[in-house]
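The block underneath contains the structure these notes are about, expressed in structure tokens.
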Amino acid sequence: MNTPSRSGAKNVLGQPLITCSESPMTGFYRNGCCDTGAGDMGVHTVCIEATAEFLEFSKSRGNDLSTPIPQYEFPGLTPGDRWCLCAVRWKEAYEAGNAPKVILEATHMATLEFVSLEELQEYATSAN
């Protein structure tokens, strides 16, 4: 799973960005990586490991990540799933005390425009 992104992007540690998840397939471009670009208005750059608490928090804020939406190739998340989350949504969850774990090696460096590395490190988990 620790395959480098084909885009040559860097993660928040300054190393090559690795795959976040291929099951479920994630990323704005649905390539498994938290790559971003001009069309990614939500900045889907934080590779998270979902928890029940975070999924409930996100749903309470109007972003239901648990319910499948097939027309958008969205399977619905369950606890333990990895997913490329919007940087602003992660920051909102962090500030509310409901942030999910983060895989730093798979989190795009663009995240640092919204969240500090220190905040991300508080919730870091292993890439394996």
Side-chain angles (χ1 to χ4, degrees):
M1 175 149 112
N2 297 333
T3 309
S5 167
R6 289 186 201 94
S7 71
K10 300 286 185 193
N11 63 31
V12 294
L13 303 172
Q15 302 163 343
L17 184 69
I18 65 168
T19 300
C20 179
S21 175
E22 292 179 339
S23 182
M25 186 61 79
T26 191
F28 179 76
Y29 300 108
R30 291 298 189 264
N31 63 359
C33 292
C34 298
D35 287 317
T36 190
D40 182 11
M41 303 307 270
V43 192
H44 296 78
T45 56
V46 184
C47 181
I48 64 127
E49 188 171 292
T51 62
E53 296 79 15
F54 169 72
L55 293 172
E56 188 57 40
F57 169 78
S58 190
K59 187 175 186 177
S60 77
R61 297 298 172 105
N63 187 23
D64 181 359
L65 296 172
S66 304
T67 303
I69 308 172
Q71 63 266 37
Y72 293 110
E73 299 177 43
F74 180 68
L77 302 180
T78 58
D81 284 344
R82 292 189 173 182
W83 192 252
C84 294
L85 185 68
C86 297
V88 172
R89 174 68 61 187
W90 190 90
K91 180 72 169 185
E92 177 186 21
Y94 174 83
E95 290 174 348
N98 289 295
K101 293 290 186 184
V102 176
I103 296 82
L104 298 175
E105 298 87 349
T107 297
H108 195 284
M109 68 185 297
T111 304
L112 298 176
E113 295 176 30
F114 304 90
V115 181
S116 74
L117 180 57
E118 293 75 23
E119 290 167 329
L120 293 169
Q121 287 172 325
E122 288 179 48
Y123 288 85
T125 191
S126 172
N128 296 320

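At a threshold of 4.5 Å between non-hydrogen side-chain atoms, the residues D81 and L65 do not count as touching. Counting only heavy atoms from C-beta outward, the side chains of W90 and I48 approach each other to under 4.5 Å. Under the 4.5 Å side-chain criterion, counting only non-hydrogen atoms from C-beta, W83 is in contact with P75. In this structure, the side chains of I18 and N11 stay at 4.5 Å or more apart for every pair of heavy atoms. Proximity of L13 to L117: side-chain heavy atoms (C-beta onward) are separated by under 4.5 Å at one or more points.
Atoms OG1 and OH, from T107 and Y123 in turn, are 14.5 Å apart once rounded to the nearest 0.5 Å. Here the CE atom belonging to M25 is positioned 7.5 Å from the CG atom belonging to N31, to the nearest 0.5 angstrom. To the nearest 0.5 angstrom, F74 atom CZ is 7.5 Å from R30 atom CZ. Atom CD of E92 and atom OG of S58 lie 8.0 Å apart (nearest 0.5 Å).
Clustering ILVMFWY residues whenever any of their side-chain heavy atoms sit less than 4.5 angstrom apart, transitively, puts L112 in a cluster other than the one holding L17. When the side chains of ILVMFWY residues are joined at heavy-atom separations under 4.5 Å, either directly or via intervening members, I69 and F28 end up in two distinct hydrophobic clusters. One hydrophobic cluster holds both F114 and Y94 under the rule that ILVMFWY side chains link at heavy-atom gaps under 4.5 Å. The same ILVMFWY cluster, assembled from side-chain heavy atoms under 4.5 Å apart, contains both L55 and V102. Linking ILVMFWY residues whenever their side-chain heavy atoms come closer than 4.5 Å, directly or via other members, leaves I103 and L77 in distinct clusters.
Here the side chain of S21 pairs a donor or acceptor atom with the backbone of S23 at under 3.5 angstrom. Panel note: side chain R82, backbone A127; a donor-acceptor pair is recorded below 3.5 Å.
Within 6.0 Å of CE in M109 there are 12 or fewer heavy atoms belonging to other residues, nucleotides or ligands.
Among residues two or more places apart in sequence or in another chain, the side chain to side chain donor-acceptor pair (under 3.5 Å) test is passed with S126 by none. Applying the side chain to side chain donor-acceptor pair (under 3.5 Å) criterion to T36, with sequence neighbours excluded, gives D40.
Taking all atoms of both residues into account, the shortest heavy-atom contact from C34 to H108 is O-CB, 3.2 Å. The minimum heavy-atom distance between T19 and A106, with the atom names listed, is O-CB, 3.8 Å. In terms of heavy atoms, A9 sits closest to D35 at CB-OD1, 3.7 Å. Across every non-hydrogen atom of A93 and P100, the tightest pair is CB-CD, 4.4 Å.
Ring orientation note: the planes of F57 and F54 are tilted relative to one another, at an angle of 30° to 60°.
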**Request:** Walk me through it: do K59 and E56 pass the test salt bridge (Lys or Arg N to Asp or Glu O under 4.0 Å)?
**Result:** CA-CA 5 Å; K59 187 175 186 177; E56 188 57 40; 5.5 Å; no
**Residues V115, V46; criterion side chain to side chain contact (heavy atoms under 4.5 Å, CB included); working and verdict** = CA-CA 10 Å; V115 181; V46 184; 5.6 Å; no
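For the two cysteine residues C33 and C84, the thiol sulfurs sit 2.5 Å or further apart.
Residue pairs meeting the salt bridge (Lys or Arg N to Asp or Glu O under 4.0 Å) criterion with at least one member in residues 98-127, sequence neighbours excluded, are K91-E119.
Judged purely by distance below 3.5 Å, without hydrogens or angles, the side chains of T111 and T45 pair a donor atom with an acceptor atom.
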